[in-house]
Amino acid sequence: MPKAIKKIGVFTSGGDSPGMNAAVRSVVRTCAYHNIECVGIYRGYEGLMEGDFVKMDARSVRGIINKGGTILKSARSKEFRTKEGRKKAYDQLVAAGVGGLVAIGGDGTFTGAMIFNQEFGFPVMGIPGTIDNDIFGTSHTLGFDTAQNTVVEAIDKIRDTASSHNRLFFIEVMGRDVGHIALNVGIAGGAEEILIPEEDLGLDRLVESLKRSRKSGKSSSIVVVAEGDKIGKNIFELKEYVDENMEGYDVRVSVLGHMQRGGAPSCFDRVLASRMGVKAVESLLEGKSNFMVGLLNNKMELTPLDNAIKGKSKINLELLRVSDIMST
């Protein structure tokens, strides 16, 4: 029989994403519901090693479900990557009487939690918080839906300018390794082309596509580019190439950057965070460990952290076809 957990710690790590605060709130209030103590750990693994803990109860998380970012702050830690650093963290948890951890973050966060569990047998549970939606074992990560809505709103505004001045806009969105954001917002924003890491459109095909759009009567165009696109050039080099190979377009670039990670979480992300927090805490109390909570077929499911880290999040191929049809 696993040792009964009487106190759970929760922290956020890696890049922030809308919904992290809602997940912290859910973890804290689920602990309160089950009469379990909860401590918030500031600054991720850095705070874990330093014992930067604060007792949290149901009232301490009021008013945060609608806030972006993370009240527990986030930081990357080189020291935690060492055995000595992880031993420090373990000693701090034992001294504080913490018996289980909920880690909210991405694959780097989960890798640290998995190694920590393997070395010390400490119960851990992961909640996927990243706007890129690049974690295996869940259809949606926390912040993905909000980020998409933020980007679509920006694209709509940029299109107003593009149409007014007959311009071609390259709009760069986040997505270092996967094109989930670019593909979805490209369709929703009516983009003429979408460049993502999974598909190498090629420079010549891109230019030909834009020429076809021009011949069909389009006086302005939007091209959405994932930051990890494999076409071989950064977005400013793309602009230069199109300038050199196409006449008649006034080409501009807009890099949306970190604005995609901020803002109040959407209704979807708030509900998702609430469901994930409940599942994470109750799974720990059931004696489960070394899993990530994910949304699959609209149900909360557990995926081993090792699979979540090593698995590949795949784009929806149907959306590629829809994109081609919509850009006609």
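For clarity, every value in this text was computed on a predicted model and none was experimentally measured.
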So how far is it from Ile194 CD1 to Glu199 CD, rounded to the nearest 0.5 Å?
11.0 Å
Do Phe116 and Leu101 make a side-chain contact, defined as non-hydrogen atoms from C-beta onward lying under 4.5 Å apart?
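Heavy-atom side-chain distance check passes, below 4.5 Å.
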Distance-only, no hydrogens or angles: does the Asn21 side chain make a donor-acceptor pair with backbone N or O of Gly68 under 3.5 Å?
yes
Determine whether Ile135 and Leu142 fall in the same hydrophobic cluster, where Ile, Leu, Val, Met, Phe, Trp and Tyr are linked whenever their side-chain heavy atoms lie under 4.5 Å apart.
no
From Leu183 CG over to Gln148 CD, what is the distance, rounded to the nearest 0.5 angstrom?
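Between Leu183 CG and Gln148 CD, I get 9.5 Å after rounding to 0.5 Å.
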If Ile, Leu, Val, Met, Phe, Trp and Tyr residues are connected whenever their side-chain heavy atoms lie under 4.5 Å apart, and connections chain through other members, are Val54 and Ile64 in the same group?
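Same hydrophobic cluster.
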Step by step, would you call Asp16 with Thr70 a side chain to side chain donor-acceptor pair (under 3.5 Å)?
CA-CA 7 Å; Asp16 63 299; Thr70 163; over 6 Å; no
Sub-4.5 Å side-chain heavy-atom contact between Ile8 and Glu37:
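Sidechains of Glu37 and Ile8: no contact.
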Do Tyr45 and Phe11 have their ring centres less than 6.0 Å from each other?
yes
Roughly how far apart are Ile171 CD1 and Ser254 OG, rounded to 0.5 Å?
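Going from CD1 on Ile171 over to OG on Ser254, the span is 6.0 Å.
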Any donor-acceptor pair under 3.5 Å from Arg159 side chain to Gly189 backbone
yes
Any side-chain to backbone donor/acceptor pair from Lys7 onto Val39? Under 3.5 Å, distance only.
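Here the side-chain-to-backbone pair does not exist.
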If I compare all heavy atoms of Phe169 with all of Ala162, which pair ends up nearest, and what's the gap?
CD1-CB, 3.7 Å
Does Met174 offer a backbone N or O that forms a donor-acceptor pair with the side chain of Gln260 under 3.5 Å?
yes
Main-chain N/O of Ile131 paired with Ser17 side-chain donor or acceptor, under 3.5 Å:
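No; zero donor-acceptor contacts below 3.5 Å.
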Of all heavy-atom pairs between Val224 and Ala191, which one has the smallest distance, and what is that distance?
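Scanning both residues, the minimum pair turns out to be CG2-CB, 3.8 Å.
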May I have the step-by-step check of side chain to side chain contact (heavy atoms under 4.5 Å, CB included) for Ile36 and Val281, ending in yes or no?
CA-CA 10 Å; Ile36 299 294; Val281 171; 5.9 Å; no
Lys55 with Asp57: basic N within carboxylate O range, under 4.0 Å
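Not counted as a salt bridge, because no side-chain N and carboxylate O are separated by less than 4.0 Å.
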Per the side chain to side chain contact (heavy atoms under 4.5 Å, CB included) rule, which among Ser13, Ser74, Pro128 passes with Thr109?
Ser13
Worked verdict on Glu153 versus Asn149 for side chain to side chain contact (heavy atoms under 4.5 Å, CB included)
CA-CA 6 Å; Glu153 184 178 351; Asn149 291 326; over 6 Å; no
Between Glu244 (side chain only) and Tyr241 (backbone N and O only), is there a donor and an acceptor less than 3.5 Å apart?
no
Are Ile158 and Ile222 packed together at the side-chain level, in the sense that at least one heavy-atom pair is separated by less than 4.5 angstrom?
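Yes, close enough: below the 4.5 Å cut-off.
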Passes side chain to side chain contact (heavy atoms under 4.5 Å, CB included), Ile41 versus Val10? Steps please.
CA-CA 6 Å; Ile41 300 164; Val10 58; over 6 Å; no
Residue pair Asn234 / Glu237: nearest heavy atoms and the distance that separates them:
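Of all heavy-atom pairs spanning Asn234 and Glu237, the closest is OD1-N, 2.8 Å.
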Are the side chains of Phe144 and Ile181 in contact, using a 4.5 Å heavy-atom criterion?
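Contact flag for Ile181/Phe144 side chains = yes.
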Between the side chains of Ser77 and Glu46, is a donor N or O closer than 3.5 angstrom to an acceptor N or O?
yes
Ser313 vs His180, side chain to side chain contact (heavy atoms under 4.5 Å, CB included): CA-CA, chis, key distance, verdict:
CA-CA 9 Å; Ser313 173; His180 291 293; 2.9 Å; yes
Pairs where residues 86-102 contributes a residue and the test salt bridge (Lys or Arg N to Asp or Glu O under 4.0 Å) is met, not counting sequence neighbours:
Glu79-Lys88, Arg86-Glu119, Lys87-Asp91
Please check this pair: side chain of Asn133 against backbone of Thr141, looking for a donor-acceptor N/O pair closer than 3.5 Å.
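At least one qualifying donor-acceptor pair exists.
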Measure from the side-chain N and O atoms of Thr30 to the backbone N and O of Ser26, and report whether any donor-acceptor pair falls under 3.5 Å.
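Judged by distance alone, yes, a pair lies under 3.5 Å.
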Assess, by modelled atom type and distance only, whether the side chains of Glu282 and His34 contain a donor and an acceptor separated by less than 3.5 Å.
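There is such a pair (donor and acceptor under 3.5 Å, judged by atom type) between the side chains of Glu282 and His34.
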Going hydrophobic residue to hydrophobic residue with side-chain gaps under 4.5 angstrom, can you get from Phe53 over to Val27?
no
Any donor-acceptor N/O pair, Arg76 side chain to Gly44 backbone, under 3.5 Å:
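Judged by distance alone, no pair lies under 3.5 Å.
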For Lys67, I'd like to know if atom NZ has over 12 heavy atoms of other residues, nucleotides or ligands within 6.0 Å.
no
Spell out, yes or no, whether Phe136 and Leu305 are grouped together once hydrophobic residues are joined by side-chain heavy atoms under 4.5 Å, including indirect joins.
no
Among Lys73, Arg43, Gln92, find the residue that satisfies the side chain to side chain contact (heavy atoms under 4.5 Å, CB included) test when tested with Asp52.
Arg43
What are the two closest heavy atoms between Ile65 and Ala22, and how far apart are they?
CG1-CB, 3.9 Å
Strictly by modelled atom types, are Asn117 and Ser289 linked by a side-chain donor-acceptor pair under 3.5 Å?
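The criterion, which ignores hydrogens and geometry beyond distance, is satisfied for Ser289 and Asn117.
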Do Ile315 and Ile196 come close enough that some side-chain heavy atom pair is under 4.5 Å?
yes
Sub-3.5 Å donor-acceptor pair from the side chain of Thr138 to the main-chain atoms of Leu295, do we have one?
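At least one qualifying donor-acceptor pair exists.
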Do Lys299 and Glu301 meet the salt-bridge criterion of a basic N to acidic O distance under 4.0 Å?
no
Validation row: Val223, Leu238 side chains within 4.5 angstrom (heavy atoms):
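SC-SC contact between Val223 and Leu238 ruled out.
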Please find the pair of heavy atoms, one from Ala308 and one from Met292, that lie closest to each other, and give the distance.
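The pair with the smallest heavy-atom distance is CB-SD, 3.9 Å.
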Decide yes or no for Val61 and Met56: does some side-chain heavy atom of the first lie under 4.5 Å from some side-chain heavy atom of the second?
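In contact.
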Given side chains that start at C-beta, do those of Phe236 and Val253 come closer than 4.5 Å, heavy atoms only?
yes
Let me confirm one number: the CZ-CG distance from Arg261 to Asp132, rounded to the nearest 0.5 Å.
8.5 Å
Would you say Asp269 and Thr146 are linked by a side-chain donor-acceptor pair, where the criterion is simply a distance under 3.5 Å?
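Per modelled atom types, Thr146 and Asp269 side chains form a pair under 3.5 Å.
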When rounded to the nearest 0.5 angstrom, what distance separates CD in Glu193 from CG in Asp324?
7.5 Å
Applying a strict under-4.5 Å side-chain criterion to I, L, V, M, F, W and Y, I'd like to know whether Leu302 and Ile127 cluster together.
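They do share one cluster, since a chain of ILVMFWY contacts under 4.5 Å joins Leu302 to Ile127.
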How long is the span from the CG atom in Asn245 to the CD atom in Glu240, to the nearest 0.5 Å?
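Separation between the atoms: 11.5 Å.
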Considering all heavy atoms of both residues, which atom of Ala273 and which atom of Ala23 are nearest to each other, and what is their separation?
CB-N, 3.5 Å
Evaluate whether atom CZ of Phe170 has more than 12 neighbouring non-hydrogen atoms of other residues, nucleotides or ligands under 6.0 angstrom away.
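Yes, because the 6.0 Å sphere around CZ of Phe170 holds more than 12 heavy atoms from other groups.
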